[in-house]
Amino acid sequence: MQRKKTGVLVTALAAGGLYSKYQALKKGQSQRSWLLEKVFWATKPFPEINNEREYHKEDLRSRQKYELPHKIKTLFGFHPLAGMDDVLELSRFSNAGGRVIFYVHGGAYWGQPAFFHFEMLYKLAKELNARVVMPIYPKAPAHNALEVHQMILGVYRILLEQDQLAPEQIIFMGDSAGGGFLLSFMQELYKQGLSLPQAAFLISPWLDINTDFPEIKALQPNDPLLCAHDLKLRGRKYAGNLATTDPLVSPLYGNLENLPPIYVFTGTHDILHADALRLQGLATAQNLRIKTFTYPQMLHVFPLFPIPEAGDALRQISRIIRHCD
């Protein structure tokens with residue numbers, strides 16, 4: 001999200017007023033979440049790729065090396081993992097032998113992590129005395145799914161083999177594309193006979209890069225952040241030479257058995273709520289260890305934003321993680 005638009009968001013949330021309070025009450029939302037939705041409708045923080053010039057700009061950006069913003073270092077304490085510029089770590093709250101949140105960020109496989117990713121992870125790390133490890137994986141359109149899987153598998157192996165972490169110490173967590181990736185990744189880990197984490201938390205996951213289903217179209221008028229047509233384009237570029245139904249890019253078509261407990265957090269003002277419902281339907285039919293938490297009126301990746309409903313979701317995540325021990 002651009003810095004200017006982030007500033008508009010913060011200013012709007014601070015303003016409030018009786019009208020917004022009344023409208024939020026009518027809709028069953030907090031005032032801040034109602035205002036946030038209005039800001040997103042007005043600013044459209046995730047622009048669509050509509051022409052060759054925009055695509056070329058995104059292609060160039062995806063070839064550039066990621067640099068951790070100085071503000072993120074100073075505010076939250078994230079730093080590169082020793083010897084790896086493309087993996088970030090937050091270790092200031094962690095204890096030896098403690099939990100590790102292995103986080104894969106969203107952004108339609110094209111975007112880098114935003115300020116709100118770091119802020120949310122800081123809160124969780126502090127609350128859970130956890131270490132956070134977040135790979136900055138190669139981005140589409142210059143890179144594809146096979147490259148992303150290879151890179152993240154290498155990071156995961158470092159945690160298991162060099163850091164000698166037990167799988168029971170590791171919690172997978174990801175939002176949007178990152179949530180979808182982790183479901184694919186766990187399927188692949190099982191196929192290869194590699195250790196799976198204790199549990200996984202998928203926030204507004206993108207589970208099928210095909211986004212032309214009627215259920216998604218029905219949700220589109222309520223979603224100020226995502227456009228199904230734009231996501232489809234981005235997903236196809238990310239897939240590279242893989243079919244769009246290959247489980248490596250669309251895990252809903254893969255084997256969901258033998259995976260650790262999975263917790264899904266989704267909002268009804270998100271076109272990807274349709275993916276979450278499909279996953280829960282498969283889980284119910286196959287008696288899988290998947291539980292979905294649905295938040296009415298909430299936006300895509302709402303737990304990342306500074307709204308009361310996000311606090312509720314993060315407290316629920318923390319309670320579940322503690323209960324896993």
Q.
Go through it in stages, so that I can follow the logic: the residues are Val301 and Phe116, the test is side-chain contact (heavy atoms from CB on, under 4.5 Å), and I'd like the CA-CA distance, side-chain angles, deciding distance and then a yes or no.
A. CA-CA 10 Å; Val301 299; Phe116 297 115; over 6 Å; no
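- The environment of Asn95 atom CG is dense: over 12 non-hydrogen atoms of other residues, nucleotides or ligands sit within 6.0 angstrom.
- Using a distance-only test at 3.5 Å, with no hydrogens or angles considered, a donor-acceptor pair links the side chain of Ser184 to the main chain of Pro247.
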Q | Trace of the side-chain contact (heavy atoms from CB on, under 4.5 Å) decision for Asn222 with Thr268 | A | CA-CA 8 Å; Asn222 294 322; Thr268 60; over 6 Å; no
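- Under the ring pair (Phe, Tyr, Trp, His ring centres under 6.0 Å) criterion, Tyr122 pairs with Phe76, Phe93, not counting sequence neighbours.
- Residues Lys57 and Glu54 are not paired through a salt bridge, judged by the lack of any N-O separation under 4.0 Å between the basic side chain and the carboxylate.
- Side chains of His117 and Asp175: a donor-acceptor N/O pair is present below 3.5 angstrom, by distance only.
- More than 12 heavy atoms of other shown residues, nucleotides or ligands fall within 6.0 angstrom of atom CZ in Arg278.
- Listed here is the closest heavy atom pair of Pro113 and Ile136: CG-CD1, 3.7 Å.
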Q | His149/Glu188 under side chain to side chain donor-acceptor pair (under 3.5 Å): CA gap, chis, key distance, verdict | A | CA-CA 9 Å; His149 275 270; Glu188 194 63 17; over 6 Å; no
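- Gln316 places a side-chain heavy atom less than 4.5 Å from the side chain of Arg319.
- Sparse packing is recorded around NE2 of His229, with 12 or fewer heavy atoms of other residues, nucleotides or ligands lying under 6.0 Å away.
- Test Leu81, Ile152, Leu153 against Pro135 for side chain to side chain contact (heavy atoms under 4.5 Å, CB included) and you get one pass: Ile152.
- Figure legend: cation-pi geometry between Lys217 and Phe213 absent, as NZ or CZ is not positioned both under 6.0 Å from the six-membered ring centre and within 45° of its axis.
- Looking only at distances, a side-chain donor or acceptor of Arg99 sits under 3.5 Å from a matching main-chain atom of Leu128.
- A side-chain donor-acceptor contact under 3.5 Å links Asp270 to the backbone of Leu272.
- At most 12 heavy atoms of other shown residues, nucleotides or ligands fall within 6.0 angstrom of atom NZ in Lys237.
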Q) So Ser91 and Ser94, side chain to side chain donor-acceptor pair (under 3.5 Å) or not? Walk me through it. A) CA-CA 5 Å; Ser91 55; Ser94 59; 5.1 Å; no
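- Proximity of a side-chain donor or acceptor of Glu48 to a complementary backbone N or O of Cys227 within less than 3.5 Å is not detected.
- For Phe293 and Phe201, the gap between ring centers reaches or exceeds 6.0 Å.
- Counting non-hydrogen atoms of neighbouring residues, nucleotides and ligands closer than 6.0 angstrom, the CD atom of Glu67 reaches no more than 12 such neighbours.
- For an aromatic pair to be called close, the ring centres must be under 6.0 Å apart, and Tyr109 with His143 fails this.
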Q | Step-by-step side chain to side chain donor-acceptor pair (under 3.5 Å) determination, Ser33 to Glu309 | A | CA-CA 8 Å; Ser33 69; Glu309 293 88 347; 3.2 Å; yes
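- Panel note: side chain Gln297, backbone Gly267; no donor-acceptor pair is recorded below 3.5 Å.
- Within a 6.0 Å radius of OH in Tyr253, other residues, nucleotides and ligands contribute more than 12 heavy atoms.
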Q: Assess whether side-chain contact (heavy atoms from CB on, under 4.5 Å) is satisfied between Arg157 and Gln162, documenting all intermediate values.
A: CA-CA 8 Å; Arg157 283 186 179 276; Gln162 293 186 24; over 6 Å; no
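- One N or O on the side chain of Ser250 and one on the backbone of Thr244 form a donor-acceptor pair closer than 3.5 Å.
- Aromatic pair Tyr238/Phe181: ring centres not closer than 6.0 Å.
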